[in-house]
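Hydrogens, waters and symmetry mates are skipped; everything else that's a heavy atom, side chains included, is used. These figures come from a predicted structure and were not determined experimentally.
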Amino acid sequence: MLDALAARDVAQIFRLVQRATHASQTTLGVATGLSQAQVSEITSGARRVSSIDVLTRICTGLSMPRHARMTLLLGELDQMPAERDVSGPPAAKTAQNQCADVTAIYSSRSDFVAELPPHVLFGRATDIRASGLSLNLICQQYADNRLLKLLAAGTHLRCLFLDPAGEAIRRHEREDNYPQGHLSALTELNIQNLAGRIRDRLPAGARDHLAIGVYDESVRANVLLIDDRLCVVQHYLPQMRGVDCPTMVIERSAGPAGLYPIFDEMFNSLWDRSRQL
């Protein structure tokens with residue numbers, strides 16, 4: 001690893017990290033602010049990283065200790081051969097990338113969380129938008145102290161819940177054979193905890209960093225949008241628990257192509273129609 005750091009061989013660094021942690025290219029991309037396609041090109045040797053900004057971002061994303069940072073950033077930038085910067089979108093795209101920007105699909109939410117836990121998804125985020133039913137990924141699977149620290153540091157979070165007092169949630173309970181009031185109680189608890197345990201404990205100047213809303217419409221999917229670049233979509237399927245439903249990871253690509261703009265507009269439209277709490 002020290003040899004790879006001294007040579008600024010990011011491809012070898014990524015390979016060694018994957019060997020030690022079994023992290024996927026998607027996980028490395030989320031941690032370092034790169035797309036899965038960019039990580040793939042770097043790892044295969046199709047691209048090399050020369051930008052100090054990108055190297056610094058990789059250092060931060062991989063939580064490199066100080067001595068590793070010093071080793072990686074030794075030398076002058078003009079001593080490196082001319083290389084393409086990976087901070088922007090790839091110059092060449094496959095036909096598939098022109099049509100969609102889905103970079104990973106998991107057969108269940110539990111598989112997704114095992115690969116991309118909340119602390120990886122949210123650790124460096126500055127803007128988070130979430131809509132769905134009870135939003136357990138944020139309310140139950142992400143530690144309160146992490147969320148408080150994130151919001152106090154300036155991150156903005158908008159959470160949009162299915163209204164626990166509305167007709168849509170009761171219809172959802174009937175369709176999926178839940179006891180009457182089961183989903184309503186869970187969602188109400190998550191809302192109260194988010195408002196009381198998180199928002200009320202924030203410094204006065206940071207309380208507007210957390211916005212909570214409810215809507216009363218048929219729930220189609222949980223949609224999570226992070227920093228206008230990453231989207232996680234968890235569909236609801238009839239007669240199937242939410243944790244067992246498939247999950248898609250979408251990375252925003254350049255231009256209007258792909259699925260990201262669709263779910264981005266879906267959230268914005270739903271938020272505009274929601275009732276703020």
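Take E217 and apply the side chain to side chain contact (heavy atoms under 4.5 Å, CB included) test, not counting sequence neighbours, and it matches Y215, L270, R273. The side chain to side chain contact (heavy atoms under 4.5 Å, CB included) search around R146 returns H119, Y142, A143, not counting sequence neighbours. Partners of R171 by salt bridge (charged side-chain N to carboxylate O under 4.0 Å, His left out), not counting sequence neighbours: none found. Taking the side chain to side chain contact (heavy atoms under 4.5 Å, CB included) definition, one finds that S107 meets it with D111, sequence neighbours left out. Under the side chain to side chain contact (heavy atoms under 4.5 Å, CB included) criterion, Q140 pairs with N136, N190, not counting sequence neighbours. Partners of F263 according to the ring-ring contact (aromatic ring centres under 6.0 Å, His included) rule, which considers only residues two or more places apart in sequence or in another chain, do not exist here. Under the salt bridge (charged side-chain N to carboxylate O under 4.0 Å, His left out) criterion, R170 pairs with E167, sequence neighbours left out. The side-chain hydrogen bond (donor to acceptor under 3.5 Å, both in side chains) check on T27 picks up S24, E115, with sequence neighbours excluded. Applying the side-chain hydrogen bond (donor to acceptor under 3.5 Å, both in side chains) criterion to D228, with sequence neighbours excluded, gives R252, Y260. Qualifying side-chain hydrogen bond (donor to acceptor under 3.5 Å, both in side chains) partners for Q276, counting only residues two or more places apart in sequence or in other chains: S274.
Side-chain polar atoms of Q18 and R15 form no donor-acceptor pair below 3.5 angstrom. Counting only N and O atoms by type, the side chains of Q36 and T26 include no donor and acceptor under 3.5 Å apart.
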Show me, pair by pair, the donor-acceptor contacts under 3.5 angstrom made by side chains of residues 149-162, not counting sequence neighbours?
{"from": "T155", "atom 1": "OG1", "to": "A125", "atom 2": "O", "distance (Å)": "2.7"}
{"from": "T155", "atom 1": "OG1", "to": "L150", "atom 2": "O", "distance (Å)": "3.3"}
{"from": "H156", "atom 1": "ND1", "to": "G154", "atom 2": "O", "distance (Å)": "3.2"}

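Side chain of T21 to backbone of V17: a donor-acceptor contact under 3.5 angstrom is found. A donor-acceptor distance shorter than 3.5 angstrom exists from the side chain of D163 to the backbone of A165, with no hydrogens or angles considered. Under the 3.5 Å distance criterion, the side-chain polar atoms of E173 are matched with a main-chain donor or acceptor of G181. A donor-acceptor pair under 3.5 Å links the side-chain atoms of S44 to the main chain of E41, judged by distance alone. A side-chain donor-acceptor contact under 3.5 Å links D227 to the backbone of D127.
When all heavy atoms are compared, the tightest approach of L116 to L121 is O-CD1, 3.7 Å.
In this structure, the side chains of L34 and L28 stay at 4.5 Å or more apart for every pair of heavy atoms.
Linking ILVMFWY side-chain heavy atoms closer than 4.5 Å, directly or via other members, places V232 and L133 in two distinct hydrophobic clusters. I128 and L202 fall within a single hydrophobic cluster, where Ile, Leu, Val, Met, Phe, Trp and Tyr side chains are chained together by heavy-atom contacts under 4.5 Å.
Identified under the side-chain hydrogen bond (donor to acceptor under 3.5 Å, both in side chains) test for residues 201-214, with sequence neighbours left out: none.
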